[in-house]
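Note that these values count all heavy atoms, side chains included, but never hydrogens, waters or copies made by symmetry. Just so we're on the same page: letters track the sequence lines, and every chain starts at 1.
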Amino acid sequence: MSDFELLDPSGLPYGTESGAAGGPDPLLDGLNPAQERAVLSRGPALLIVAGAGSGKTRVLTHRIAHLIREREAWPSQILAITFTNKAAAEMRERIDGLLGEGAQGMWISTFHSACVRILRREAERFGYVSGFTIYDSADSRALLKRIIKELDADTYGFTPANSGSKISKLKNELSDASDYAATMNENDPRDRLFVEIFRMYEQELRRANAFDFDDLIGQTVHLFRAHPDVAAVYQRRFRHILVDEYQDTNHAQYSLIRELTRPIEPEQVEGLVPPARARELDASGRVPAASLTVVGDSDQSIYAFRGADIRNIVEFERDFPGAEVVKLEQNYRSTQNILSAANAVIGNNFDRQEKNLWTAEGDGPKITGFTGYSQHDEARFVAEEIEDLHRGGLAYSDIAVFYRTNSQTRALEELLIRSAIPYRVLGGTKFYERAEVKDAMSYLTSIANPYDPISWSRLLGAPKRGIGPMAEAHLANFQEAQGLSFHEAMLRVDEIPQIGPKLRGTVRALGELLTRAAKMAAGGGPTDVAPEPIPDSEQAEGDQEKRPAPVADLLKLVLDESEMIEKLRARRDPQDDARAENLEELLAVAREFDVKQPGAGLVAFLTEVSLVAAADDLDDQSGTVSLMTMHTAKGLEFKAVFITGVEEGLLPHQMSVDEVGGVNEERRLMYVGITRARERLFITLASTRATFGDVAVAMPSRFLQEIPEGLIDWRQSPGEVTGRGGTESRALNAVRGSGGSYSGRARGGASRGTDSSVSFAPGGGGGGRGSAAVSEPASGNMQSALDKWRERKRLAKEAQAAGGGFPNTIGGAIRDNGDLELAAGDRITHDEYGEGRVTGVTGVGSKRIAHVVFDSVGERKLLVKLAPIAKVD
DNA sequence: AATAGAACTATTTTT
DNA sequence: TAGTTCTATT
């Protein structure tokens, strides 16, 4: 069924009960004047400047619902772009709630999903096939690795990572290899080599029938520009375009919006199918431009590193003449204390428009601050406070822990596990990035796209079956020379003399498996994939209908035939059991997909998997604490929020300090973090932090000082953790003494820190004036830090060589006391807490939790499987 | 070809 | 430290 059948808004079948009929209008009721204006405004363009927590999702959904109810648009004429798939699903649900089944046929999706949808429909226009593969960053890197190797470009310092990010940046600017070649310095061999890499990369993607992430947007723009008739179809269809998080759009995304909001010129109008009706046209015979609504907050722009251009929002009024601007400043999310802190921090960004969030809700409790001696100590505080909050009646799912970098999860996870607090890490090493999951997925990808070398190459070695690099190269040469798909090349392995007789059987069997699966995936009918009929009696099991096989069946077939799970289970490494479980989990995901979207097919499944965002896994029903980076946290809110690692070098991150505008972006990140909190905000840091094997002194973040003292209640201030009071900052010194009961206990652990002769004063260098003035001392610091690091490493090596362990190492090994039986009354000993008595055991299996009263530290809950405990006889 | 151990190196955020 | 890649061995 076509999405295009509902083009004429006359005779709209629903939404007839207009708000004017008396009584409050449910779509306007409870909105403040600014929000109401944003819902009702009609014009070519509308910019909604929406401060954090100002109800923009509400405004957007109500605006869409209002358009439909007032018969100004069909659902199918609306395109709403959100930042994550989860936000899209939520928006759809809320509009459905407002209108009944009103969201049917509406496009609510991310930029990437919308573009994939368009590209799949139009791929043939420029030499792709609809079943194209979407390369994730790892796939892109794998491809680049080959190219760099082939060109010997590594000797010039090219790596898959650096060339990949450079290509990505260029693509976000809509530049291709030829554009770059036209502007580069001809005399620079590195530049010329880069162009060569870029060219080959483009070429290989095309040969593989694959797009990378950036292509999804860029190629859609390219498609629209090269084919005005195609563009006209979408320009005509989408009469109302709404874009959320507009401050984080990059040039390519901006261009896409521009293309979609162009009027259709008369010469294109002629070609429209079905023909344009008179009422669709303006006086000059054009189809007028779609109306555009964008929502954004330049203070929350945190993706400049990905090409987001803040100018898109700043210059919106110039770009779209006649635009109306509505500012939403009243906050409905957080307490005044939290907002004051947020305002104070962001106020230090001088290059912004003045804006102040306010709330009518009252001050609320103060922000809680804590400084640990190490990240371990910091994590302990977080875990204890979470337990406290939970005891106080807060659900785990109302609590989130934020950090700047994914590597900070380690210490947090360790302590949360020990405290038996259920938690979930969003993002980080995602499920689909696990090696074994990628292995299994590579079969499915290859089945859907037998021309893709990356997935094919991966599946050859998963599991190990004796096909090595040599055999792979011969096969690849053969397929290229003969112009075959990889599957066909494998079936004809007998024609490759270099491959020995033993391997031929293996290769042919694998080729047959893939061919058979591809037929099933295509519904058993003819495909562009495997024209070679296989005289194989086992074929009979495939049904002859055109129905594509369920994804789970395909996956099951692949897993069974390759014996991946069995081979993992057969190994002794306990990690391999977890890997086998991941594959079972993947099978469950596929089954779920088949139930949710019956008949959708393999390509739809692969698309969905490629485009999941970190925040999409957030499950409000899960009853777990959420751990995530502050980037992932954008758009979310929690009753209680912990912002951890608020130290110079981490937040703002060291890497950002040298970049122009880098610190300002980090400050916005801090602002985003703070404004996620509704009721309680905790800000924590550590005075020492272990960076790869080494412990370094950390200084409080400059952002801390930007928060007025009166707003933070320090349980343990940075000043108190100095050791023997070295030079302390004025600002932080001032709150000294409000430490309370924590200081005593914590000070006892001081010996664990590094030698405390180093003063723990907050970072120098203000918010950043001239970048030249800032970068010089910064690089100086980096140099000395590097020297220090080398020296420490040398000492550590010597110490290890001398047989003495390193005193500060935290035991990182994963324990498994799986078989430990405990009962009330048993006495146990714990590595850190000493001896204690078990008062009870709850939970089952690997989730068994022991309740223990320790002689020294009192009651603790421990996960039996993982806690560092042993029974005392 | 597969494995185990040694050496090396990178330390940001992500659709 | 930890993850990866290189090298030597079987």
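Note on A/Lys145: a side-chain N or O is less than 4.0 Å away from OP1 or OP2 of C/dT5. At least one side-chain nitrogen or oxygen of A/Asn406 sits closer than 4.0 Å to the OP1 or OP2 atom of B/dT13. One finds no side-chain N or O of A/Thr629 lying less than 4.0 angstrom from the OP1 or OP2 phosphate oxygen of B/dT12.
Comparing C/dA2, B/dT13, B/dT15 by their nearest atom to the side chain of A/Arg410 picks out C/dA2. Proximity note for A/His653 (side chain, C-beta onward) versus B/dT14, B/dT12, B/dT15: the nearest is B/dT12. The listed nucleotides are B/dT12, B/dT13, B/dT15; the one nearest the side chain of A/Ser137 is B/dT15. Nearest to the side chain of A/Phe213, among B/dT15, B/dT12, C/dT5, sits B/dT15.
B/dA10 atom P lies 17 Å from atom CD of A/Gln654, rounded to whole Å. Here the C1' atom of nucleotide B/dT15 and the NZ atom of A/Lys86 are 17 Å apart, to the nearest Å. In this entry the distance linking CZ of A/Phe305 with P of B/dT12 reads 12 Å, nearest Å. Atom-to-atom, NE2 of A/His251 to P of B/dT15 comes out at 22 Å; the value is rounded to the nearest Å. Between the NE2 atom of A/His631 and the P atom of B/dT14 there is a distance of 7 Å, given to the nearest Å. If you take CD1 of A/Ile134 and P of B/dT14, they are 19 Å apart, rounded to a whole angstrom. The CG atom of A/Asp248 sits 13 Å away from the P atom of B/dT14 (whole-angstrom rounding). Distance CG (A/Asn172) to C1' (B/dT15): 10 Å, rounded to an integer number of Å.
No hydrogens or angles considered: nothing links the side chains of A/Ser442 and A/Asp439 as a donor-acceptor pair under 3.5 Å.
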Test ring-ring contact (aromatic ring centres under 6.0 Å, His included) applied to A/Tyr246 and A/Tyr254, step by step: CA-CA 9 Å; A/Tyr246 192 68; A/Tyr254 166 82; 7.2 Å; no
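For B/dT13 and C/dT4, the C1' atoms lie 22 Å apart once the distance is rounded to whole Å.
Figure legend: cation-pi geometry between A/Arg668 and A/Tyr671 absent, as NZ or CZ is not positioned both under 6.0 Å from the six-membered ring centre and within 45° of its axis.
Evaluation of the salt bridge (charged side-chain N to carboxylate O under 4.0 Å, His left out) rule for A/Arg404 yields A/Glu666 as partners, not counting sequence neighbours.
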Paired and unpaired positions of DNA chain B as dot-bracket, Watson-Crick or G-U wobble under 3.5 Å, | denoting a partner strand: ||||||||||.....
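Within 4.0 Å (heavy atoms only), A/Tyr303 reaches sugar-phosphate atoms of the nucleic acid but no base atom.
Comparing A/Ile302 and A/Ile467 along DNA chain B, the residue whose closest nucleotide (by nearest heavy atom) sits nearer the 5' end is A/Ile467. Comparing A/Glu665 and A/Ala471 by the nucleotide of DNA chain B whose heavy atom lies nearest to each, the residue mapping closer to the 5' end is A/Ala471.
A/Lys438 and A/Asp139 are joined by a salt bridge, as a carboxylate oxygen and a charged side-chain nitrogen come within less than 4.0 angstrom of each other. A salt bridge links A/Lys86 with A/Glu90: the distance from a Lys NZ or Arg NE/NH1/NH2 to an Asp or Glu carboxylate oxygen falls below 4.0 Å. Ion pairing between a basic and an acidic side chain is recognised when a charged N comes within 4.0 Å of a carboxylate O; A/Arg146 and A/Glu472 show such pairing.
The closest side-chain heavy-atom distance from A/Phe132 to A/Gln219 is not below 4.5 Å.
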